[in-house]
Student: 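Provided herewith is a single structure, encoded as structure tokens, for subsequent inquiry.
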Number of protein chains: 2
Amino acid sequence: MNFPKSVNVREVGPRDGLQNEKIVIETADKIAWINQLSDTGLSYIEITSFVHPKWIPQLKDAVEVATGIERKTGVTYAALIPNVKGLERACAAKIDEASIFMSASETHNQKNINKSIVETFPILKEVVEGAKQEKMTTRGYISTVFGCPYEGQVDIEEVIRVAERLFEMGIDELSLGDTIGVANPLQVQLVLDRLLHYFPKEKLAMHFHDTRGTALANVVAALEMGVTTFDGAVGGLGGCPYAPGASGNAATEDLIYMLNGMGIETGVLLRKLLKASKMIATKLEKSLPSHNLQAFLSSCEHV
Amino acid sequence: MNFPKSVNVREVGPRDGLQNEKIVIETADKIAWINQLSDTGLSYIEITSFVHPKWIPQLKDAVEVATGIERKTGVTYAALIPNVKGLERACAAKIDEASIFMSASETHNQKNINKSIVETFPILKEVVEGAKQEKMTTRGYISTVFGCPYEGQVDIEEVIRVAERLFEMGIDELSLGDTIGVANPLQVQLVLDRLLHYFPKEKLAMHFHDTRGTALANVVAALEMGVTTFDGAVGGLGGCPYAPGASGNAATEDLIYMLNGMGIETGVLLRKLLKASKMIATKLEKSLPSHNLQAFLSSCEHV
């Protein structure tokens with residue numbers, strides 16, 4: 001196996017992780033939590049979303065959060081921005097990077113964004129162009145790359161078509177999402193093998209969910225293909241709201257534990273990350289799917 | 001990546017999975033559960049342990065379970081056997097394969113078996129020789145191969161020394177245990193790279209725990225090294241009794257989900273396995289760490 005020397009980890013917990021949570025975290029707690037995350041060594045945190053508060057009430061304090069946190073040098077503070085209205089608010093709140101998102105599957109895009117794939121492109125283009133004018137970098141997300149809850153298997157050629165359009169707009173990085181956590185390592189390699197004919201590996205990030213326990217196995221497969229950027233949500237936040245115990249995003253601490261153990265540099269201190277994870281679990285009043293958090297909270301480390 | 005065409009899965013849930021559970025499963029329920037497991041396509045089930053009932057009251061009905069289940073052709077019914085007294089009971093109960101176990105770390109062996117490593121060998125040798133006379137196959141387990149809760153890092157040369165002694169006794173297969181779930185894929189490859197200088201890969205099995213979320217990632221690493229036998233416990237049973245939410249063994253259904261998805265033949269039907277997993281979760285009155293079970297029980301499959 002051939003592994004890279006270092007990896008970039010993108011923390012998406014404050015946005016992707018919180019957006020489905022029922023318990024609304026107070027703004028001051030979000031700020032304290034993001035400040036903790038900034039202090040772990042993470043170089044990237046997606047802190048909120050500038051969607052209309054009607055859609056995600058949990059993140060309606062986007063401006064307060066973005067202006068309330070301490071900005072640490074070397075950390076990119078990103079936010080999800082669905083349209084130019086959101087971009088205006090994000091600019092005022094001095095967001096570093098604009099994230100845009102869409103789906104590789106028509107039905108999922110329709111249900112998620114309420115628009116067809118073709119209708120979505122011009123809206124995202126406006127955001128990317130506007131962001132560039134404001135000297136913000138931009139990141140694209142494609143969901144359902146490895147499977148769609150409505151359509152099943154997703155054609156890799158559809159993923160390539162959407163990715164091409166996003167890169168043409170000028171995004172700086174593309175995150176490929178296994179939204180429902182169905183991917184396996186062989187599929188990851190087959191998909192990447194195809195995508196890497198078109199796009200440089202330095203521009204690609206993998207966004208795995210651990211719904212079926214395969215998140216880190218998929219990371220290993222992607223590492224071997226030369227990908228060096230991975231999304232994670234501290235605590236494994238981001239599970240389905242209808243499945244209290246089910247796993248969500250790859251837990252950042254599980255990712256960091258594995259990478260650190262493999263001697264792959266991440267710059268992130270696991271202990272500090274675990275404390276930030278514990279803090280948000282306490283605020284959400286529930287146990288989180290992160291394996292390392294559970295091991296950390298138990299006495300099992302010494303049994 | 002180079003993956004094998006087929007893999008052998010060893011189900012250890014009824015023994016390794018149940019031994020630490022507080023709620024005692026009724027004998028009739030164990031029998032019904034093992035019969036369900038036999039019907040999934042699994043070719044190997046470790047059904048109980050013939051240790052003194054004083055040590056593991058949960059498994060004191062070993063004889064009743066072994067004689068009560070339906071024996072399916074093509075399925076090996078194994079049991080853990082710590083000494084010749086246990087072997088006598090196991091023979092009477094027509095166990096197919098005798099499992100013996102010890103640790104690669106002196107302190108763990110002492111705490112677990114109450115004997116030093118050197119004192120343990122002759123006891124196991126008696127079991128292996130006795131089992132062979134009874135035409136039983138034998139399987140050795142080495143625990144703490146990737147780390148010890150008392151000693152930390154375990155010297156790979158110690159693992160080799162213990163493995164050599166067990167193979168000299170005549171065991172048919174050796175299962176290498178990551179007892180506390182600390183291994184990472186690079187370590188798995190380094191350990192296997194060394195071990196495969198001494199022992200054929202066909203004789204080795206990997207026994208991973210998912211304590212830190214790395215179980216399936218470690219499976220992928222071992223697959224690439226040519227190992228084709230993996231232990232799992234349905235439901236991810238076998239967590240530490242002091243950590244209610246913490247993960248235990250690699251969940252067999254997570255393993256099967258990943259292998260099936262990769263086109264690696266296992267002979268196991270995931271749906272049937274999930275039903276057996278749900279059944280034991282109900283009897284244990286708790287949610288289990290298996291990711292696929294949680295996805296199966298939730299509506300998230302279609303969200």
Side-chain angles (χ1 to χ4, degrees), chain A residues 1 3 111 149-150 180-189 210-221 223-225 236 239-247 250-251 253-255 257-264 287-303, chain B residues 1 3 111 149-150 180-189 210-221 223-225 236 239-247 250-251 253-255 257-264 287-303:
Chain A
M1 278 173 143
F3 298 117
K111 298 234 183 199
Y150 310 106
I180 52 168
V182 291
N184 67 64
L186 181 67
Q187 188 188 9
V188 169
Q189 299 217 316
D210 203 28
T211 322
R212 285 159 188 84
T214 54
L216 294 188
N218 292 335
V219 168
V220 170
L223 283 170
E224 285 200 282
M225 297 296 287
C240 166
Y242 310 107
S247 296
E253 55 266 48
D254 292 347
L255 186 59
Y257 174 83
M258 184 177 81
L259 295 170
N260 283 356
M262 294 168 78
I264 298 171
S287 69
L288 297 179
S290 155
H291 299 80
N292 277 275
L293 178 61
Q294 289 173 7
F296 175 67
L297 294 177
S298 75
S299 55
C300 257
E301 280 191 39
H302 299 285
V303 173
Chain B
M1 277 172 144
F3 298 118
K111 298 234 183 199
Y150 310 106
I180 52 170
V182 291
N184 67 64
L186 182 67
Q187 188 188 12
V188 169
Q189 298 216 318
D210 203 29
T211 322
R212 285 161 188 83
T214 55
L216 294 189
N218 292 335
V219 168
V220 170
L223 283 171
E224 285 201 282
M225 297 296 286
C240 166
Y242 309 107
S247 295
E253 54 267 48
D254 291 348
L255 186 59
Y257 175 83
M258 183 176 82
L259 294 171
N260 284 357
M262 295 169 78
I264 298 172
S287 68
L288 297 180
S290 155
H291 299 79
N292 277 274
L293 178 61
Q294 288 173 7
F296 176 68
L297 295 177
S298 75
S299 55
C300 258
E301 281 190 38
H302 298 285
V303 173

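Keep in mind that the numbers below use all heavy atoms, side chains included, and drop hydrogens, waters and symmetry copies. In what follows, chains are A, B, ... by sequence order, proteins preceding strands, each numbered from 1.
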Student: At a 4.5 Å cut-off on heavy atoms, which part of N218(B) comes close to chain A: side chain, backbone, both, or neither?
Tutor: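 Neither part.
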Student: Does L288(B) offer a backbone N or O that forms a donor-acceptor pair with the side chain of Q294(B) under 3.5 Å?
Tutor: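 A pair under 3.5 Å: yes.
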Student: Is a donor on one side and an acceptor on the other found under 3.5 Å between the side chain of Q189(A) and the backbone of A221(A)?
Tutor: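 Side chain of Q189(A) to backbone of A221(A), a donor-acceptor pair under 3.5 Å: yes, one is there.
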Student: For chain A, which candidate among L255(B), T214(B), L259(B) shows the most heavy-atom pairs at distances under 4.5 Å?
Tutor: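 So the answer, after comparing L255(B), T214(B), L259(B), is T214(B).
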Student: Out of D210(A), I264(A), D254(A), which one racks up the most heavy-atom pairs below 4.5 Å with chain B?
Tutor: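 Going by pairs under 4.5 Å, I would pick D210(A).
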Student: Under 4.5 Å between any side-chain heavy atoms of V182(A) and R212(A), yes or no?
Tutor: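 In short, these two side chains touch, coming nearer than 4.5 Å.
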Student: Say whether, by atom type as modelled, one donor and one acceptor occur between the side chain of N184(B) and the main chain of G261(A) under 3.5 angstrom.
Tutor: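 Pair found, side chain donor or acceptor close to backbone of G261(A).
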Student: For E224(B), is it the side chain, the backbone, both or neither that has a heavy atom under 4.5 Å from a heavy atom of chain A?
Tutor: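 The side chain, not the backbone.
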Student: Measure the shortest side-chain to side-chain distance between E253(A) and L293(A) over non-hydrogen atoms and say whether it is less than 4.5 angstrom.
Tutor: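 Answer yes - side chains close enough.
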Student: Does any heavy atom of chain A fall under 4.5 Å from the side chain of V219(B), the backbone, both, or neither of them?
Tutor: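 No part of it gets close to chain A.
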